[in-house]
Q: 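Here it is: the structure, laid out below.
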Amino acid sequence: MSLSALTALSPLDGRYAPRLGALRPLLSEYGLMHHRVRVEVEWFIALSDAGFAEFAPLSEASRGLLRSLVVRFAEADAEAIKEIERTTNHDVKAVELWIKSRFKGHAELERAGEFVHFACTSEDINNTSHALMLQRARAEVLLPALDRLLSRLGAMARSMAEMPMLSRTHGQTASPTTVGKEVANVAARLATARSRIAAVPLLAKMNGAVGNYNAHLAAYPDFDWEAFSRRVVEERLGLVFNPYTVQIEPHDYMAELFDAIARANTLLIDWARDVWGYISLGYFKQRVKAGEVGSSTMPHKVNPIDFENAEGNFGLANALLVHMSGKLPISRWQRDLTDSTVLRNMGVALGYTLVACDSLGRGLDKLEVNTAQLAADLDGAWEVLGEAVQTVMRRHGLPSPYEQLKDFTRGRPVTRELMQGFIAGLPLPAAELERLLTLTPAAYTGLAAALARRWSMP
């Protein structure tokens with residue numbers, strides 16, 4: 001059976017493959033190879049500029065050829081590296097040999113060929129490549145996906161700022177809010193989560209087999225290798241240098257990043273479940289798309305599948321993200337390989353996150369507010385004004401206000417007539433009575449509308 005979207009084991013490469021085109025070149029094995037080539041090339045060029053008698057500065061033509069290996073890297077190049085790996089059984093060595101193979105016919109590069117991968121352990125190449133992959137995936141794919149959700153939520157918050165809605169604390173009727181304010185709550189949380197994802201520094205090291213520059217100093221004992229490595233990592237690759245490592249960069253920053261992404265996913269699970277519930281209550285309707293089927297047997301149904309899909313895929317993403325953040329910082333002594341196979345699933349974790357973000361966005365785009373249902377629920381919940389009435393009674397020193405309202409409202413339906421009759425019998429100043437008698441559940445929303453209108457994306 002040939003590999004295709006229909007035979008792929010992972011739905012990321014099957015059913016959901018069209019949604020992940022932007023992520024695939026970055027976090028696939030192709031993406032890892034591509035970034036390894038970039039690191040090897042930058043290290044090699046930097047060595048030529050280090051002042052070593054054995055390796056003179058490269059000509060502009062040679063530099064251009066080297067960087068073209070990165071810029072023009074294609075699937076055919078990845079396949080060629082894979083073919084070399086079938087012999088070496090070592091993926092980083094295969095990249096080194098592929099680069100050297102590209103030197104043929106270029107005398108200057110052929111003479112300097114042994115400075116490719118000079119003094120490096122495989123992890124010098126891998127850890128920097130993984131950091132570069134995450135740098136691009138975060139900047140080019142993940143943060144834009146979150147920004148699209150934030151933009152959609154912000155627009156909803158402002159447009160629905162004054163639409164009153166019955167709150168449901170513990171699933172029971174509670175003080176009214178507005179639809180826009182509830183959306184603004186989510187947007188504010190997501191903005192905070194997004195800022196924490198963006199703020200995580202991406203670390204890298206280039207310090208040899210156990211982090212001490214052993215081989216480097218064996219070759220050039222008087223050279224400042226730590227300063228050189230820092231310049232490569234920070235100036236040439238745009239990452240943050242980590243001076244204290246074993247063979248691997250310890251992955252603490254990855255744990256921080258994956259935890260931050262999982263936190264964003266968790267709050268979006270919360271929102272997906274809330275919207276699902278609001279659809280069930282009839283607060284939201286979903287726009288119908290011609291030809292779509294909600295149920296194979298119940299033709300009336302329009303199921304909230306986008307929100308269910310989002311919840312499920314955020315959960316899958318978090319299962320991987322939490323495992324990676326707990327596992328990756330642990331490495332036996334100076335190195336074990338358990339991180340290597342786990343790191344190959346970075347794209348899977350972020351892939352499920354992106355599928356979920358996409359599903360959530362699709363669901364939000366289908367929503368329509370059912371103002372009639374919102375109004376009906378509010379008009380059937382006059383008991384929620386008990387909070388307002390007993391608080392005004394407290395202000396004016398009336399006896400046992402909470403207890404009076406508890407006895408009046410708890411365990412029985414409260415209509416407009418009953419609530420206004422209770423208010424009319426209170427010994428309150430005339431102005432307060434008038435204000436309370438004009439109050440309705442739909443008008444009892446506090447600062448909800450103002451808060452919703454005020455929120456804007458940072």
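Treat the numbers as computed from the prediction; the structure is a model and nothing was measured.
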Q: List for me each residue that meets salt bridge (charged side-chain N to carboxylate O under 4.0 Å, His left out) alongside E54, sequence neighbours excluded, and say none if there are none.
A: none
Q: Sequence neighbours excluded, which residues qualify as side chain to side chain contact (heavy atoms under 4.5 Å, CB included) partners of R273?
A: I269, E311
Q: Mind checking what makes side chain to side chain donor-acceptor pair (under 3.5 Å) contact with W225, not counting sequence neighbours?
A: none
Q: Which label fits W271 and Y278: parallel for a plane angle under 30°, tilted from 30 to 60°, or perpendicular past 60°?
A: perpendicular
Q: Output the distance between atom CG (N303) and atom CH2 (W276), rounded to the nearest 0.5 Å.
A: 10.0 Å
Q: Has R86 got more than 12 heavy atoms of other residues, nucleotides or ligands less than 6.0 Å from its CZ?
A: yes
Q: Partners of W43 by ring-ring contact (aromatic ring centres under 6.0 Å, His included), sequence neighbours excluded?
A: F228
Q: Please identify each residue that fulfils side chain to side chain contact (heavy atoms under 4.5 Å, CB included) with A227, with sequence neighbours left out.
A: D224, R231
Q: Not counting sequence neighbours, list each pair that qualifies as a side-chain hydrogen bond (donor to acceptor under 3.5 Å, both in side chains) and has a residue in residues 64-77.
A: E42-R67
Q: Would you mind listing every ring-ring contact (aromatic ring centres under 6.0 Å, His included) that reaches into residues 104-150, with sequence neighbours excluded?
A: F55-F115, F115-F118
Q: Could I get the full list of side chain to side chain donor-acceptor pair (under 3.5 Å) partners for R63, not counting sequence neighbours?
A: D49
Q: Are the side chains of S331 and D339 in touch, meaning some heavy atoms are under 4.5 Å apart?
A: no
Q: Starting at CE of M206, measure out to OG1 of T121 and round the result to the nearest 0.5 Å.
A: 10.5 Å
Q: By the salt bridge (charged side-chain N to carboxylate O under 4.0 Å, His left out) test, which pairs, at least two apart or in different chains, include something from residues 241-265?
A: none
Q: Return yes when atom CD of E79 has more than 12 non-hydrogen atoms of other residues, nucleotides or ligands closer than 6.0 Å, and no otherwise.
A: no
Q: With a 3.5 Å cut-off and sequence neighbours excluded, list the donor-acceptor pairs that the side chains of residues 352-360 form with protein atoms.
A:
from: T353; atom 1: OG1; to: N265; atom 2: ND2; distance (Å): 3.1
from: T353; atom 1: OG1; to: A349; atom 2: O; distance (Å): 3.1
from: D358; atom 1: OD2; to: R19; atom 2: NE; distance (Å): 3.3
from: D358; atom 1: OD2; to: R19; atom 2: NH1; distance (Å): 3.0
from: D358; atom 1: OD2; to: R362; atom 2: NE; distance (Å): 2.6
from: D358; atom 1: OD2; to: R362; atom 2: NH2; distance (Å): 3.1
from: S359; atom 1: OG; to: R19; atom 2: NH1; distance (Å): 2.8
from: S359; atom 1: OG; to: N309; atom 2: OD1; distance (Å): 2.6
from: S359; atom 1: OG; to: V355; atom 2: O; distance (Å): 3.1

Q: For residues 67-100, pull every pair meeting ring-ring contact (aromatic ring centres under 6.0 Å, His included), keeping only residues two or more places apart or in separate chains.
A: Y30-F73, H34-F73, F73-W98
Q: Restricting to pairs with a member in residues 179-192, which pass salt bridge (charged side-chain N to carboxylate O under 4.0 Å, His left out), not counting sequence neighbours?
A: R189-D270
Q: Donor-acceptor check, side chain of T7 to backbone of S4, threshold 3.5 angstrom: yes or no?
A: yes
